[in-house]
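Notes for the one structure printed next.
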Amino acid sequence: MCGLISPQKGKVELFGTQINRLNAAQRDSFRANNIGYVFQQFNLIPYLSAVDNIILASHFSKNQNNSKKERTLDLLSRLDIERKDWFSSARNLS
């Protein structure tokens, strides 16, 4: 749904944009600006905390704002991620 894989049939429309009609670079940009995506395993920076990996993902968005850390902490809270894991390095999380 986030545009990593294009459908073979039909369409995928998010926020009024048919992402299946975008090329790979356009999908990357759309994902960064509208969805955000934190890859698991090899794409996490192992020495960064969960919070810092999420903030890093938002770095690639053109929608920059100063409340990245507050928004990240709110997201982790809403996802019921235990607070003790928020600042653990990614290499220590499953």
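A distance of 11.5 Å separates CZ in Phe15 from CG in Asn33, rounded to the nearest 0.5 Å. Rounded to the nearest 0.5 Å, atoms NZ (Lys11) and CD (Gln18) are 4.5 Å apart.
Judged purely by atom type and a 3.5 angstrom limit, Ser67 has no side-chain atom pairing as donor or acceptor with the backbone of Glu70. Distance alone, capped at 3.5 Å, is enough to place a donor-acceptor pair between the Asn34 side chain and the Phe30 backbone. Remark: the backbone N or O of Lys68 is paired with a side-chain donor or acceptor of Thr72 at under 3.5 angstrom. Listed for the Asn20 side chain is a donor-acceptor partner under 3.5 Å among the backbone atoms of Val12. Within the 3.5 Å criterion, the main-chain N or O of Ile45 finds a donor-acceptor partner in the side chain of Asn53.
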Under 3.5 Å, side-chain donor or acceptor atoms of residues 79-90 against the rest of the protein: list the pairs with distances, not counting sequence neighbours.
from	atom 1	to	atom 2	distance (Å)
Trp86	NE1	Ile81	O	2.9
Trp86	NE1	Glu82	O	3.4
Ser88	OG	Lys84	O	3.3
Ser89	OG	Asn92	ND2	2.9

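In terms of heavy-atom proximity, Leu76 sits nearest to Val51 at CD1-CG2, 3.7 Å. Between Leu22 and Arg27 the shortest heavy-atom distance is O-NH1, 2.9 Å.
Taking the side-chain contact (heavy atoms from CB on, under 4.5 Å) definition, one finds that Asp28 meets it with Arg31, sequence neighbours left out.
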